[in-house]
2 protein chains.
Amino acid sequence: MRKDDYNKRKRLGMKVTKPTIKNIARAAGVSTATVSRALAYKNNLKPATAKRIRQIAQEMGYHKNVAASQLASNMTNTIAVIINYTQTDFWIGILNGILHRARELNHQVITFYAGDNDSRRLTQTVNEALEHQANGILMISGKMEQEQVNILSTAHMPYRLISIYNPEHRYVSSNNVEIGEQATNYLIKRGHRRIGLVGIDHYLTGQQRLFGYQRAMTEAGLPINPQWIHYGDYSYQDGKKLFSAIQDGSVTAVVAGSDMIGAGLIKAATQSGWRLPEQLSIISIDGSDICELTTPELTTVSQDFYQMGLTSVDNLLQDQPATFIPTTLIERDSVQTLPTEK
Amino acid sequence: MRKDDYNKRKRLGMKVTKPTIKNIARAAGVSTATVSRALAYKNNLKPATAKRIRQIAQEMGYHKNVAASQLASNMTNTIAVIINYTQTDFWIGILNGILHRARELNHQVITFYAGDNDSRRLTQTVNEALEHQANGILMISGKMEQEQVNILSTAHMPYRLISIYNPEHRYVSSNNVEIGEQATNYLIKRGHRRIGLVGIDHYLTGQQRLFGYQRAMTEAGLPINPQWIHYGDYSYQDGKKLFSAIQDGSVTAVVAGSDMIGAGLIKAATQSGWRLPEQLSIISIDGSDICELTTPELTTVSQDFYQMGLTSVDNLLQDQPATFIPTTLIERDSVQTLPTEK
DNA sequence: ATGAAAGCGCTAACAT
DNA sequence: ATGTTAGCGCTTTCAT
């Protein structure tokens, strides 16, 4: 019963018994301690008493007051998740996994939305999370500046970056360097020599994928033309836009920074009358479920975001070191094998 | 600082000052009340004092204990959101909207995952939400049985069903009857007479869309063949599967229960060598962002899920009556206009 | 097996 | 403008 409701009925002279352990205790003729024990299913009290108390609690419509409980016990069993706005919705799968595992481990999840990579806002959000005395914080959030790090460390709050591989922090993520390398190598093995990298961002994730791309090319003894690298925000829109950047035919294949980029490229290319994959082979990074369904021809280096969510919770609560989630190469029809030159 | 951390340092004989208003008060030489006021930015205290106190709090790494605060003030400013597993991820947009508006209105959002439409689990989840003394509960959750309703009403907890139009409850949703009617009418106006309805569910949402479909057909004086109605779970997979059910050419057009169903139908039809929309016109219901991007040729009756999230919060907090979110018809290339017969 | 009582950290009346 | 104080509802020692 809410307070206003309670007060209203009280004003009207109605007899009201606010469902608290105190009132349950009175009704049952026992002490509050006994009620507390009964409701927590402690085993050091007579089963009959316990059952009777629970019965009464039920009848009174009792629900534990978590605030009071947490305050008294100094335990919250809560995981705070901070989410930033992103163009893609990869975080859904992660959140799903987090919610699932947290529930298994008897933890609450409290979700905070930090908006659009605004640093002030992120600071505020971190502070909010801290106020909840959570067991830890999971950040699905690209940016993380010194300011927020300082707050977290002075508060002695464990945290993990999810899906963001940043060696300066603890993270649960795919290995973006390897992803870039893996995707590029796949194209190289199929005979491609002029390979583009399209739609990566300017931050850590993008730079790591770029590094992997460069490593693969270099190790294969292939030259890299800076004109083959194109930046974007991982969105479908940018995928469509960026097609113009590779329309000159300078590359025979591209690594798309995300499924959405890949889908956009395919769309724009098809609209321009290109035949795929004959005129352009595409491999994409990510492999979110939705795109897997709607652009099923796309070869991808796929991340299991749900698994990432599960692992995040374990990693945080068990204080494990930084962890990579393995990726899977899913072959489909968007890459053509070229005849090996010379 | 967490308790174990605190205790450890204490054990080691380190001097520790747990950051509480009490300790801040001592450090600042004022009372806890003054500290509380300063930190809450109340205006009835000397700016200089307030500033000094906040300074000290900052230095001590203080973060309000929400549990204590909520307990003392008897206010939580929290909205509980209950999410069920669904085949489609339409709820992302809704959650996004909820998170956004909640933050604007200075409310926390606590997210509960109720799993896969398991009634016991849903009951448990509702109870958990209740324990947080939230201001209200938003349920993005198809099933809602008498058991859960009873719990909610005895707890006097305001709640809303989101995206589920159920006249027995308060809801924020699109009008599924109208959606079905609107989609069907669109096809009728374009000269179609044998119209299928594919991929709806057996629950309220599906039945309402079916009702709208029937109303449109009947008002147009068109017969309805039960063979034209096919059930599914709104997924892409089911869309592909259900193509076989209409492959006999008995209908010239279909209303697809969701974008995903529509996308699946298109895929399967194309794979079978059909030319679309000449051989089959498709209009879909939903219009989630992702599909809009990846299956852009699909004509849809589109719902604005983000708006639904925004409205949900307002509706709940301002105790407004049940509300429909308007839908938009988005015309694209998936419907063919037939020559009017006779 | 149960009770008594001391808080948890904070807020908000009331007092000064 | 600031201090005093009585709780909020619960958990948890310590008694019995």
Side-chain angles (χ1 to χ4, degrees), chain A residues 1-4 6-7 10 16-54 57 60-77 130-133 155, chain B residues 1-4 6-7 10 16-54 57 60-77 130-133 155:
Chain A
M1 171 161 22
R2 287 173 307 152
K3 191 182 189 178
D4 51 351
Y6 176 79
N7 287 341
K10 195 163 183 181
V16 279
T17 326
K18 207 177 175 185
T20 63
I21 55 168
K22 199 184 192 176
N23 285 327
I24 295 171
R26 186 172 317 151
V30 296
S31 73
T32 60
T34 304
V35 176
S36 178
R37 286 170 188 132
L39 296 175
Y41 288 84
K42 304 270 182 194
N43 49 14
N44 53 350
L45 69 163
K46 208 153 60 184
T49 324
K51 205 174 162 192
R52 187 167 53 91
I53 290 173
R54 281 189 224 111
M60 291 180 65
Y62 172 83
H63 295 278
K64 181 207 286 203
N65 183 326
V66 169
S69 170
Q70 289 183 354
L71 183 58
S73 67
N74 197 23
M75 313 222 62
T76 61
N77 279 21
L130 250 19
E131 294 180 355
H132 278 262
Q133 337 281 172
Chain B
M1 172 161 22
R2 287 173 305 155
K3 192 181 190 177
D4 50 352
Y6 175 79
N7 287 341
K10 196 164 183 179
V16 279
T17 325
K18 207 178 175 186
T20 63
I21 55 169
K22 201 184 193 176
N23 284 328
I24 294 172
R26 186 173 316 150
V30 296
S31 73
T32 60
T34 304
V35 176
S36 178
R37 286 171 190 132
L39 296 175
Y41 289 84
K42 304 271 182 194
N43 50 16
N44 51 351
L45 70 164
K46 206 154 62 185
T49 325
K51 206 173 161 192
R52 188 166 52 90
I53 291 173
R54 281 189 223 112
M60 292 180 64
Y62 172 83
H63 294 278
K64 181 205 286 201
N65 183 325
V66 170
S69 170
Q70 289 183 355
L71 183 57
S73 67
N74 197 24
M75 312 222 61
T76 60
N77 280 20
L130 250 18
E131 294 181 354
H132 279 262
Q133 336 284 149

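The sequence lines fix the lettering, A, B, ..., with proteins before strands; numbering per chain opens at 1.
- We find that CG of B:N43 is positioned 9 Å from P of D:dA1, with the value rounded to whole Å.
- The NE2 atom of A:H63 sits 20 Å away from the P atom of D:dC8 (whole-angstrom rounding).
- The interatomic distance linking A:N23 (CG) with D:dC10 (P) rounds to 10 Å, in whole Å.
- Taking all atoms of both residues into account, the shortest heavy-atom contact from B:K18 to B:N23 is O-ND2, 2.6 Å.
- Rounded to the nearest 0.5 Å, atoms NZ (B:K64) and CD (A:Q133) are 11.0 Å apart.
- In this structure, B:N65 atom CG and D:dG9 atom P are separated by 16 Å, rounded to whole Å.
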Which protein N or O atoms sit under 3.5 Å from an N or O of nucleotides 2-5 of chain C?
residue	atom	partner	partner atom	Å
C:dT2	OP1	A:T49	OG1	3.0
C:dT2	OP2	A:K46	N	2.9
C:dT2	OP2	A:T49	OG1	3.3
C:dG3	OP2	A:S31	N	2.7
C:dG3	OP2	A:S31	OG	3.1
C:dG3	OP2	A:T34	OG1	2.6
C:dG3	N7	A:R37	NH1	3.3
C:dG3	O6	A:R37	NH2	2.5

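- Between A:Q70 atom CD and C:dG7 atom C1' the separation is 17 Å, expressed in whole Å.
- OP1 and OP2 of D:dT2 both lie 4.0 Å or more from every side-chain N or O belonging to B:K42.
- Nucleic acid contact class of B:S69 (heavy atoms, under 4.0 Å, all strands): sugar-phosphate only.
- Considering only heavy atoms from C-beta on, B:N65 stays 4.5 Å or farther from A:E131 through its side chain.
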Quiz: residues 24-36 of chain B side-chain donor-acceptor pairs under 3.5 angstrom, not counting sequence neighbours:
residue	atom	partner	partner atom	Å
B:S31	OG	B:A33	N	3.4
B:S31	OG	B:T34	N	3.4
B:S31	OG	B:T34	OG1	3.2

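- A side chain to side chain donor-acceptor pair (under 3.5 Å) check over residues 37-52 of chain B, counting only residues at least two apart or in different chains, returns nothing.
- Distance A:N74 CG to D:dT12 P: 10 Å, rounded to the nearest Å.
- Each of D:dT11, D:dG9, C:dC10 was ranked by its minimum atom distance to the side chain of B:Y62; first place goes to C:dC10.
- In this model, the phosphate group of C:dC8 is not approached by any side-chain N or O of B:K18 to a distance below 4.0 Å at OP1 or OP2.
- Following rounding to the nearest Å, A:L71 (CG) and C:dA6 (P) show an atom-to-atom distance of 17 Å.
- Across all their heavy atoms, B:A50 and B:A38 have their closest contact at CA-CB, 3.9 Å.
- Considering every non-hydrogen atom in both A:L39 and A:Y62, the closest pair reads CD1-CE2, 3.5 Å.
- The CD1-P distance, from A:I53 to D:dC10, rounds to 13 Å in whole Å.
- Comparing the axis of the opening five pairs of the helix from C:dA1-D:dT16 to C:dT16-D:dA1 with that of the closing five pairs yields an angle of 30°, rounded to 10°.
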